Amino acid sequence: MTDTVEPRISRGLRDLLPDQMLARQSMIDTIRRVYELYGFVPLSTPAIEFLDVLSGSAGTEAQQSIFRVTNPENEALGLRFDLTVPLARVIAQYADLPRPFRRYQVAPVWRADKPDKGRYREFTQFDLDSVGTVSEVADTEIIAGMCDTLSSLEVGRYLVRFSSRAVLNLLLDFAGIGPEQGADVFRVLDKLDKVGLDKVSRELMNGYKDESGDTIRGVGLDGSQVDRIKRFLDIKSDSRREVAARLRELFATLDHAPAQIDVVERISNHLYALGYDDDRVSLDLSIARGLAYYTGPVFEAILLDAPQFGSIFGGGRYDGLVMRFLGEAIPAVGASIGVDRLLAALAHLGRVDTRKATARVLVTNMDKALTDDYLQMTWELRRAGIPTEFYIGTAKRLGKQLEYADQYDIPLAILCGSNEKAKGEVTVKNMAAGRAKAKMLDDRSSWLAERPGQTTIPRERLVEGIRELLAEIESA
RNA sequence: GCCGAGGUAGCUCAGUUGGUUAGAGCACCAGAUUGUGGAUCUGGGGGUCGCCGGUUCGAUCCCGGCCCUCGGUACCA
């Protein structure tokens, strides 16, 4: 007989507690700085869209993973499953937006799939897109931006691999595969990294029976078609120039091949000119991307020091997406970062912000009669730009208050009781110093007697004194 | 979706061949210490034993169904 509600959240969703949010925000801030440096502008769109706006680009199986939403008017609505479709809607709806429209957007999206390790039903994407330009410079700066982002995040070595759907379409011609099978072929090729060439070629032909007993249906190509695909995939080199050259050789018999290979090579050359060399951007013909709507260059990034996280950043050119809304093709190219996956990778690499608190100083509450003194100190520090917190909990014992600072990793605590007040000074405690000292002592009373990490500063020099101590801590 | 394992305190888990008040460690709270964090000691709070039904004098334990979680596999616009 209880009237309380069990606190819980639906599967695939999660809370992000303060330490996780601090890590996430500082990562997002770093990425945002890169894109604002590139001159991209922010955009926000509603989480909820009309169902017919969302569906269509995706096909029926995609529609199943849309979260349905109801409103009082009983309209057919759903939660967005990516940021690209809402962007296409905005482009079509606001005809007076200056183009090219180059925007970034960081926001949660929802997919009603089965949750899995590292896969949630609500997750955050950071997207950047340039809409309304066919220029290869747009593709180039998306790729360069991916590099600059990963460099800023200090993720170690990374590789942005790119190819082109137009080149893959040449492959369909070369192998005698009809365009209706193209999407299936690309979807299978996209698994190459994960399952290997052997399984991919079997899946391209008759399919096979998986270890778990599941049948994987084949695409139905014949042996000679798969051989031609293998010759294409065989073109591998650390040099983008060499890949392009060998590609020209392989497709020598196709009339329209040179023009498409030129596009890829121009991007590659722009990147060479900017110093994005073969060590971090490669022309990799096995990159296909699973998505159906890509029409031109496609790209994805992997972390060489954490390859198990897979593609943490991917995108491509999609010149047909706005057509649905406008009846007019508007070219666009963009990329999307899986914020959660990238964050997991950063955590794995030890590159995340590990702060637990925003406050740098805790003003302890030692004597109720001095409350206004404490508030004045707190606001003095705040007005000087030093993040400061006054202890507003109920614990009267000083030990509890210091424990609070310890738990939140607040580096400095200010102690000011009637003794300090009388002398016109405050005691400042460096929490980390005491923590280090505690490891070496096992006798409590001597540790207490030592008062580790404590200094005294005159009350009137509060701000300067705290600044100096914080600077010391930060440089340590 | 498919194969396998599991569900007992906030967390990690033990346990009961079916029997009265279900345990440990960690975490949490209080005190030893009314002006000093760690360690230690003492005490304390916290459980529909996943849910529903069946068998039984009696079920956390046995049986059935369902739900959920984890591992593998597939899918992922």
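All chains are named by letter (A, B, ...) in the order of the sequence lines, taking the proteins before the strands, and each is independently numbered beginning at 1. Remember, predicted model here, so these are calculated numbers, not experimental data.
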[atom1] gap between [N] and [M], integer Å:
N: B/C49; M: B/A39; atom1: C1'; value: 35 Å
N: B/A24; M: B/U33; atom1: P; value: 27 Å
N: B/G19; M: B/G4; atom1: C1'; value: 35 Å
N: B/C13; M: B/U73; atom1: P; value: 22 Å
N: B/U48; M: B/A9; atom1: C1'; value: 13 Å
N: B/U55; M: B/G64; atom1: P; value: 15 Å
N: B/C63; M: B/C2; atom1: P; value: 23 Å
N: B/A22; M: B/G50; atom1: P; value: 15 Å

Using the salt bridge (charged side-chain N to carboxylate O under 4.0 Å, His left out) definition, which of the options A/Arg80, A/Arg89, A/Arg68 pairs with A/Glu49?
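Answer to the salt bridge (charged side-chain N to carboxylate O under 4.0 Å, His left out) test with A/Glu49 among A/Arg80, A/Arg89, A/Arg68: A/Arg89.
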If we ignore angles and hydrogens, is there a donor and acceptor under 3.5 Å between the side chains of [X] and [Y]?
X: A/Thr427; Y: A/Glu420; result: yes
X: A/Ser10; Y: A/Arg121; result: no
X: A/Gln260; Y: A/Ser164; result: no

Would you say the side chain of [X] and the base of [N] hold a donor-acceptor pair, judged only by whether the two atoms sit under 3.5 Å apart?
X: A/Gln401; N: B/G35; value: no
X: A/Arg11; N: B/C67; value: no
X: A/Glu403; N: B/U36; value: no

Within the 4.0 Å heavy-atom criterion, would you say [X] contacts the bases, only the backbone, or no part of the nucleic acid?
X: A/Lys429; value: base
X: A/Arg187; value: sugar-phosphate
X: A/Asn430; value: base
X: A/Asp113; value: nothing
X: A/Gly399; value: sugar-phosphate
X: A/Thr84; value: nothing
X: A/Asp367; value: nothing

Watson-Crick/G-U partner (both atom distances under 3.5 Å) of [N]:
N: B/U20; value: none
N: B/A14; value: none
N: B/C75; value: none
N: B/C28; value: B/G44
N: B/U60; value: none
N: B/A5; value: B/U69

Shortest side-chain distance from [X], nucleotide among [options]:
X: A/Lys114; options: B/C2, B/C76, B/C28; value: B/C2
X: A/Arg451; options: B/U33, B/G35, B/G38; value: B/G35
X: A/Leu402; options: B/U36, B/G35, B/G38; value: B/U36
X: A/Leu415; options: B/C28, B/U36, B/C76; value: B/U36

Just the rounded figure in Å: distance from [atom2] of [N] to [atom1] of [X].
X: A/Arg397; N: B/U36; atom1: CZ; atom2: P; result: 8 Å
X: A/Ile414; N: B/U36; atom1: CD1; atom2: C1'; result: 15 Å
X: A/Arg341; N: B/C76; atom1: CZ; atom2: P; result: 14 Å
X: A/Arg289; N: B/C76; atom1: CZ; atom2: C1'; result: 12 Å
X: A/Arg435; N: B/A39; atom1: CZ; atom2: C1'; result: 15 Å
X: A/Tyr404; N: B/C28; atom1: OH; atom2: C1'; result: 17 Å
X: A/Lys396; N: B/U34; atom1: NZ; atom2: P; result: 14 Å
X: A/Arg121; N: B/U69; atom1: CZ; atom2: C1'; result: 14 Å

When rounded to the nearest 0.5 angstrom, what distance separates CZ in A/Phe174 from CG in A/Leu168?
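Going from the CZ atom of A/Phe174 to the CG atom of A/Leu168 covers 13.5 Å.
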Do any side-chain nitrogens or oxygens of A/Lys400 fall under 4.0 Å of OP1 or OP2 in B/A30?
yes
Polar side-chain atom of A/Arg103 near backbone of A/Ser130 as donor-acceptor pair, under 3.5 Å:
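Not a single qualifying donor-acceptor pair exists.
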A/Tyr35 side chain vs A/Thr149 backbone, donor-acceptor pair below 3.5 Å:
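Side chain of A/Tyr35 to backbone of A/Thr149: no pair is present.
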Considering non-hydrogen atoms only, spot the tightest contact between A/Gly310 and A/Ile302 and give its length.
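What the structure gives for the nearest pair is O-CG2, 3.7 Å.
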For A/Arg111 and for A/Ala395, locate the closest nucleotide of RNA chain B by heavy-atom distance; then report the residue assigned to the nucleotide nearer the 5' terminus.
A/Ala395
